[in-house]
J.: 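A single structure is presented below for examination.
Numbering starts at 1 and runs along the sequence shown. Bear in mind that the values here come from a model prediction, so they are computed numbers and not experimental data. Atoms within each ligand, like the ligands themselves, are counted from 1 in listed order.
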Amino acid sequence: MKRKTRVALLTSGGDCQGLNATIRAIGKTLFQYVDNLEIYGMYDGYRGLIEGDYLYMDADNFSGIINLGGTILGTSRLNFVPGKALLDDEGNDVMDQMLATYNRLNLDCIICLGGNGTQKSAKLLQDAGMNIITLPKTIDNDIFGTDETFGFQSAVDIATDVMDSIHTTATAHSRIFVVECMGRDAGWLTLSAGIAAGADAILIPEIPYDINKLAAYIDGRRRKGRRFSIIAMAEGALSREAKQLSEDERRQLKKENKFSSVSYELADKLEKLTGQETRVVIPGHYQRGGSPCPRDRVLATRFGTAAARLVMEKKYGYMVGIVKDEIVAVPLETAASKTKFLPVDHPLIQTARDVGVTFGD
Ligand code: F6P
C-alpha cells in the first residue's frame, strides 16, 4: 500500500480575511489528488505544534468556509529571538517540543499561513530539520517576495468604506478628520485606501511629514472653499522630527506620550495650527475582520492550490507568492529576510500626487 502523506496546517500571528479560504483551497486540492492523506490542523498556530494540540481534519472540514473571516484553527503570536530561537511566554526555547510533535505525527511537512513574524519563525523550524511551506497573510502587505498578501484588499475595502462615510460628516461640519489605518511600519494599506477614498492627505511611514506643510496645505484648501479635509494616516507614520531620532529614543518618547496614538497627536497639533475643529477615527481591528472580499478569495484560492501542489511535488522550503500576476515559489530564506516597505518612488505615490494629494513633504 502507498505510504501516507501527512500534512500539518497552522495559522499564526494576527488574523486577517482569507485565512479560511486559503485553508479550504489547500484541503480541497490535496483531498482531490492525494490518496492516503492525513491533515492535522494545529490549534492556535505554533501553540498547537508545541503542545501537540490539533484537529484531525477530513474533507468536510474544508467545506463552507471560503467566505468566513478569522481562522477555524485559531491563532497566536510566538516570541522569538530573531534568527535564533522561538520562545514561550516564560522565555523557554520551544523548538524541541515542536520537533517532537512533528516526529510523533510522522509529518511530511507543515504549511504555515502567516505574516512577517511567521515567515521568520517558519525559517527557524526549517533550520531545525522540518519540511516547511508558507503562505503570505497580512493586511499590511509587507511580506518580501510577493507583490500582494491575502487579507490586504479586504482591509483596503474596509478602510476605504470608513473614509467614504467620514467624508459626508466631515463636509457637513467643515472639520478635519484624521483616519488612522493599520499597517504596522508600512504604508501600503493607507496609500491604497487613501487613494480609493479620495483622501486629501496621506501620511505613511516611508515619507516623514512636516506638520507646518500639512497645515499650510489645509489652509490653502479652505481658501479655495474646501472647508473639510480628510487625512489618511498610517499607524506608523512619522514626522520629520521623529524620523531623526533613534529607534530607542522613539520608543521612549512613545512611552511618555500623553496621546494614545499618532493620529491623536497629529489632530491636536493641526487643530492648534489651523484653528479648525479636528476629529480622529481609528477603525483598528475592524480592518482585519469579517468576510474576505472576492479578490482575496480568488488570491487565497490561487495561493492554497499552489501550496498543495508544492506538497505533491515534495518541494519544501518555499513561500507561495505572486509576482506580476504569476504565482511563484519564493525561497523561505528570501521571504523571511526582510520587510517589504513601500518604495518612495512607487508609481502609486506619484498617482496620488497627480490628483493633488499631499504627503506632507
Ligand atoms: O500585522 C497585522 C496588524 O493588524 C498590524 O496592522 C497591526 O499593527 C497589528 O497587527 C496589531 O496587532 P495586534 O493584533 O496584536 O493588536
J.: Write out the residue and atom name of the closest protein heavy atom to atom 1 (O) of ligand 1, then the distance separating them to 0.1 Å.
T.: D140 OD2, 2.6 Å
J.: Check this for me, if you would: do E313 and R309 make a salt bridge, where the nitrogen-to-carboxylate-oxygen distance has to be below 4.0 angstrom?
T.: no
J.: May I ask which of Q287, R184, R288 has a heavy atom nearer to atom 14 (O) of ligand 1 than the others do?
T.: R288
J.: Using 30° and 60° as the class boundaries, would you call the ring planes of Y54 and Y40 parallel, tilted or perpendicular?
T.: perpendicular
J.: Which ILVMFWY residues are connected to I195, directly or by a chain of links, through side-chain heavy atoms under 4.5 Å apart?
T.: I139, F152, V156, M182, W188, L189, L191, I202, I204, I207, L342, V344, L348, I349, V355, V357, F359
J.: Report, in ascending order of atom number, the atoms of ligand 1 lying under 4.0 Å from any heavy atom of H285.
T.: 13 (P), 14 (O), 16 (O)
J.: Considering distance alone, does some N or O of M182 sit under 3.5 Å from an N or O of ligand 1?
T.: no
J.: Can you sort out which atoms of ligand 1 are near E235, meaning under 4.0 Å from one of its heavy atoms?
T.: 5 (C), 6 (O), 7 (C), 8 (O)
J.: When you measure from the heavy atoms of G183 to every atom of ligand 1, does any distance fall below 4.0 Å?
T.: yes
J.: Scan side-chain atoms only and decide if D354 and Q350 contain a donor-acceptor pair under the 3.5 Å cut-off.
T.: yes
J.: Is it the case that the side chain of D210 and the backbone of D361 share a donor-acceptor pair, with hydrogens and angles ignored and the cut-off at 3.5 Å?
T.: no
J.: Check which hydrophobic residues are tied to I66 through side-chain heavy-atom contacts below 4.5 Å, counting indirect links as well, and list them.
T.: none
J.: Using a 4.0 Å heavy-atom cut-off, say whether R77 meets ligand 1 through its side chain, its backbone, both or neither.
T.: side chain
